[in-house]
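Below: one structure, written as C-alpha cells.
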Amino acid sequence: MDRKPRVRFAPSPTGPLHMGGVRTALYNYLFAKKMGGDFILRIEDTDQNRFVEGSEQYIINSLKWSGITPNEGVGFGDGPYAPYRQSERKLIYRKYAEQLVKEGHAYYAFDTPEELEEVRLGMEADKSTFSYNSITRNNLKNSLTLSVEEVKKHLDSGNAYVIRIKVPANEELRVNDIIRGWVVVNTIEMDDKVLFKSDGMPTYHLANVVDDYLMKITHVIRGEEWLPSAPLHVLLYRFLGWENVMPAFAHLPLLLKPDGNGKLSKRDGDRLGFPVFPLNWKDPQTGELSSGYREKGYFPEAFINVLLLLGWHPEGNQELFTMDEMIEAFSLDRVNKAGAKFDPEKTKWFNQQYLKKHSDDDLAKIVMKDIQNKLKTGEIIFDESCPSNFESLISNLDYVKEAVRITREKVHFTNEFWSVCHFFFIPTDTYEAAFIAKKWSDKAKEFFGTLKQNYLNLKIFDLASIENIFKEIAIASGVKPGEYMQLFRVLLIGVSMGPALFDTAALLGKDEVIRRIERALKKLP
RNA sequence: GGCCCGUUCGUCUAGGGGUUAGGACAUCUCCCUUUCACGGAGGAAACGCGGGUUCGAUUCCCGCACGGGCUACCA
C-alpha cells in the first residue's frame with residue numbers, strides 16, 4: 001500500500017524543549033523532506049498536571065529558530081487534520097476507548113489509587129512486584145470481575161474509573177523497528193496499561209495511536225524511551241483494526257551525558273556549563289533561567305549540524321551540511337543504535353566552521369549589534385575613560401569590518417569578538433606587567449620616541465609605510481625589528497598577544513597610534 | 001528485581017570474515033608566524049571479556065560483564 005509519507009513530532013508542553021527533542025524533530029523533518037512527504041507538529045498535552053505555561057510557544061520558537069518547519073500543526077498553520085493539540089481532540093479518544101471495551105479488548109477499572117497502592121504495598125511486603133495484568137485483574141475491581149449490574153451502578157453513580165487495555169495472557173508480540181530490526185515481547189511481561197484516565201483524558205498510548213491513525217502517519221520516528229511500549233501500541237493497532245495501516249517505527253538512540261552515566265539532562269548543562277536547550281528558558285514557577293544555544297551565540301545551522309551527527313552518519317566523511325545537503329544525504333538506515341554521549345567541545349568547533357563561512361561584512365553587522373547589546377547589559381561600560389570618538393567607532397561599519405577581518409580567526413563565536421578587539425574602540429591604560437618588566441628599557445624608550453617622530457612626519461599612514469619605517473628605525477638603532485615588535489603591540493593594545501601588529505596600527509590610524517605611543521612613554525618608567 | 005535495547009580511539013563515528021581498522025573533535029610534536037590564532041605536516045590513541053562457527057574473527061552465534069531505557073490514571 002503506497003501512502004504519502006507523513007511523520008510527526010509530538011512533544012509535551014511540560015517545559016523547554018530539550019536538544020534531544022530538537023534532534024528527533026530534525027530527523028523527522030529530514031525524512032519527510034527527503035521522501036517528499038509531510039511533517040506535522042502535534043502537541044501532546046493530555047497531562048494537565050504537568051502542563052507548563054509558555055512551553056508550547058517555546059517549542060514553536062525553537063523549531064523556527066532551528067529552521068525545522070512543519071508543514072502542518074500547532075503554530076505552523078492547520079492542515080486537513082486539525083486540531084493538532086490533543087486537549088482539543090479530547091472527545092475523539094473516548095469513542096475509541098469505549099469501542100475497545102465493547103469489543104472485549106479493554107475494560108473499566110474502578111480501583112481507587114489508594115486501593116491499588118494498598119495491593120502494591122502488600123505484594124512488595126511479599127517480595128513481589130505489583131502489576132495490573134492478566135492475573136491480578138481477576139482480583140481487582142473492574143468490569144471483568146464485577147457483575148453487569150454493579151458495573152452499571154458504578155458508571156451511573158459517576159464514580160471515577162479508568163479504561164484499561166486487556167492484554168492477552170500469553171502471546172508473542174513483534175515490532176519491526178527500522179533501526180533495530182525485530183523486537184519480540186511476550187504479553188506475559190506487559191501490564192494492562194490505562195488507556196483512558198478518570199479525568200476524561202486519554203493516556204499517551206491511546207492518544208498517540210488514535211492520532212497517528214487519524215492523521216495518516218506512516219512513520220513514527222521517536223526516542224528510544226518508547227521502545228518498551230511499542231508492542232503495546234502494536235496491540236492497540238490490532239485491537240482497533242488498523243494493523244494494515246500501522247506506521248513503521250524507528251526508535252532513535254538517546255543523547256547521553258558528556259561524563260558519567262545516564263541520559264543528558266538539564267542538570268548536566270548547569271553543572272558542565274553548556275546549554276541543553278535551543279533557546280533561553282525562564283521557568284514560570286521558580287524563575288530559574290536555563291541557557292540556550294541561541295543566546296550563547298550559536299548559529300542555528302551549527303546547532304542542527306551538531307545534532308545531525310549525534311546518532312547519524314553519512315556515507316562519506318562529510319561533516320558540514322547545509323539543510324539541503326542534510327535532506328539529500330539523510331536516511332534512517334544510517335541511524336546508529338547506541339546512545340551518543342554529547343561532547344560540548346565539538347559544538348564549539350562546528351560553530352567556528354560556520355562563522356568562517358560568513359563574510360567580514362556579515363560578521364561586522366552582527367558584532368555591531370552585539371556591542372550595542374553588551375552596552376545595554378553593562379558588559380561594556382561607556383564612561384569618561386572612553387574616548388570621545390567611541391560612539392562613532394562602534395557605529396562605523398568600515399572600521400568594525402576591518403577589526404573583524406584582522407581578528408576573525410581567533411574566535412569561535414561572534415560574541416567573542418569584543419574580547420579580542422575591544423582595544424580598537426577603547427584605548428588601554430595598563431600594560432602587561434610581566435612583559436614590560438622583561439622587555440622595557442631605556443633603549444626601547446628611545447626607540448619608540450624616534451618611531452613616534454617618524455610616524456608624525458609620515459604623509460601616508462598605510463600598512464607598508466608603517467612597517468617599513470618601523471624596520472628602518474630598528475635597523476638604524478642596531479636591533480632586529482622583531483626585537484621590538486611585541487613591545488610595540490603592548491604599547492598599542494596593552495597586551496603582547498593580539499592581531500597582526502601593523503594591521504592593528506593601520507586600523508588605529510596615525511593620530512591614535514601617536515597618542516598611544518605618547519601615553520605609554522609617559523606611563524612607563 | 002523484571003523486561004527491552006546497546007557495546008570500535010577520551011568523545012562523535014566509518015568499516016566489516018583476511019584492512020597498515022578510516023575520518024572528525026580534543027590532545028601532543030613540528031612547520032608557518034619574532035605574539036596569539038588560523039593554516040599545513042606528523043604522532044599517540046579503539047574493536048569489553050570468555051566460548052563457539054571458520055583455514056581465518058573486531059566483523060557471525062552463544063554466554064558473561066558493562067552501559068542505557070522502561071517498569072505511573074507522565075509523556
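The sequence lines fix the lettering, A, B, ..., with proteins before strands; numbering per chain opens at 1. Atoms considered below: every heavy atom in the structure, side chains included; atoms not considered: hydrogens, waters and symmetry mates.
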Using Watson-Crick or G-U wobble geometry with both distances under 3.5 Å, which nucleotide pairs with [N]?
N	value
B:C60	B:G52
B:C38	none
B:C25	B:G10
B:A46	none
B:G67	B:C5

Legend entry - Test item: A:Glu301 and A:Ser66 side chains (from C-beta on) under 4.5 Å apart, heavy atoms: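 They are not in side-chain contact.
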Legend entry - A:Val7 side chain reached by A:Ile40 side chain, heavy atoms, under 4.5 Å: no
Legend entry - Point-to-point distance, once rounded to the nearest 0.5 Å, from CZ of A:Arg222 to CG of A:Leu227: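 Here the interatomic distance stands at 8.5 Å.
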Does [X] have its ring centroid less than 6.0 Å away from the ring centroid of [Y]?
X	Y	answer
A:His358	A:Phe299	yes
A:Phe196	A:Tyr96	no
A:Tyr293	A:Tyr298	yes
A:Phe488	A:Phe448	yes
A:Phe425	A:Trp418	yes
A:Trp312	A:Tyr27	no

Whole-Å distance separating the [atom1] atom of [X] from the [atom2] atom of [N]:
X	N	atom1	atom2	result
A:Phe502	B:U35	CZ	P	12 Å
A:Glu467	B:U34	CD	C1'	12 Å
A:Phe321	B:C12	CZ	C1'	13 Å
A:Phe350	B:A26	CZ	P	11 Å
A:Leu252	B:G69	CG	C1'	14 Å
A:Phe274	B:C25	CZ	C1'	15 Å

Any base atoms under 4.0 Å from [X], or only sugar-phosphate, or nothing? Heavy atoms, all strands.
X	value
A:Arg222	nothing
A:Lys127	nothing
A:Glu315	nothing
A:Pro231	nothing

Provide a list of protein-nucleic acid N or O atom pairs under 3.5 angstrom, restricted to nucleotides 38-44 of chain B.
unit_1: B:G39; atom_1: OP1; unit_2: A:Lys356; atom_2: NZ; d: 3.0

Inset, instruction - Classify the side-chain pair A:Asp47/A:Tyr204 by whether it contains a donor and acceptor separated by less than 3.5 Å. - result: no
Inset, instruction - Say whether A:Gln86 and A:Asp211, considering side chains only, have a donor N or O and an acceptor N or O under 3.5 Å apart. - result: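 Short answer, yes.
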Taking only the [atom1] atom of each, what is the distance from [N] to [M] in whole angstrom?
N	M	atom1	result
B:C66	B:A57	P	27 Å
B:C12	B:U7	C1'	15 Å
B:C32	B:A45	C1'	27 Å
B:U20	B:C28	P	31 Å
B:A24	B:G15	C1'	15 Å
B:G43	B:C3	C1'	47 Å
B:C38	B:G67	P	37 Å
B:G42	B:C25	P	14 Å

Legend entry - N or O in side chain of A:Arg405 less than 4.0 angstrom from B:A37 OP1/OP2: no
Legend entry - Upstream residue (5' side of RNA chain B) when A:Arg489 and A:Gly311 are each assigned their closest nucleotide: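 This one resolves to A:Gly311.
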Pairs under 3.5 Å (N/O, protein and nucleotides 72-75 of chain B):
unit_1: B:C73; atom_1: OP2; unit_2: A:Arg164; atom_2: NH2; d: 3.4
unit_1: B:C73; atom_1: O2; unit_2: A:Ser198; atom_2: N; d: 2.8
unit_1: B:C73; atom_1: O2; unit_2: A:Ser198; atom_2: OG; d: 2.7
unit_1: B:C73; atom_1: N3; unit_2: A:Ser198; atom_2: OG; d: 2.9
unit_1: B:C74; atom_1: OP2; unit_2: A:Lys197; atom_2: NZ; d: 3.2
unit_1: B:C74; atom_1: O2'; unit_2: A:Asp47; atom_2: OD2; d: 2.9
unit_1: B:C74; atom_1: O2'; unit_2: A:Arg50; atom_2: NE; d: 3.2
unit_1: B:C74; atom_1: O2'; unit_2: A:Arg50; atom_2: NH2; d: 3.3
unit_1: B:C74; atom_1: O2; unit_2: A:Arg50; atom_2: NH1; d: 3.4
unit_1: B:C74; atom_1: O2; unit_2: A:Arg50; atom_2: NH2; d: 3.2
unit_1: B:A75; atom_1: OP1; unit_2: A:Thr46; atom_2: OG1; d: 2.9
unit_1: B:A75; atom_1: OP1; unit_2: A:Lys197; atom_2: NZ; d: 2.8
unit_1: B:A75; atom_1: OP2; unit_2: A:Tyr204; atom_2: N; d: 3.2
unit_1: B:A75; atom_1: O3'; unit_2: A:Ser12; atom_2: OG; d: 2.9
unit_1: B:A75; atom_1: O3'; unit_2: A:Glu44; atom_2: OE1; d: 3.2
unit_1: B:A75; atom_1: O2'; unit_2: A:Ser12; atom_2: OG; d: 2.4

Inset, instruction - May I ask you to check if A:Lys438 and A:Phe435 form a cation-pi contact, with NZ or CZ under 6.0 angstrom from the six-membered ring centre and within 45° of the axis? - result: no
Legend entry - Verdict with supporting geometry, A:Phe330 and A:Phe321, ring pair (Phe, Tyr, Trp, His ring centres under 6.0 Å): CA-CA 11 Å; A:Phe330 191 76; A:Phe321 290 82; over 10 Å; no
Legend entry - Contact letters for nucleotides 1-11 of chain B, in which S counts primed atoms plus P, OP1 and OP2 and B counts the base, heavy atoms under 4.0 Å: -SSSSSS---S
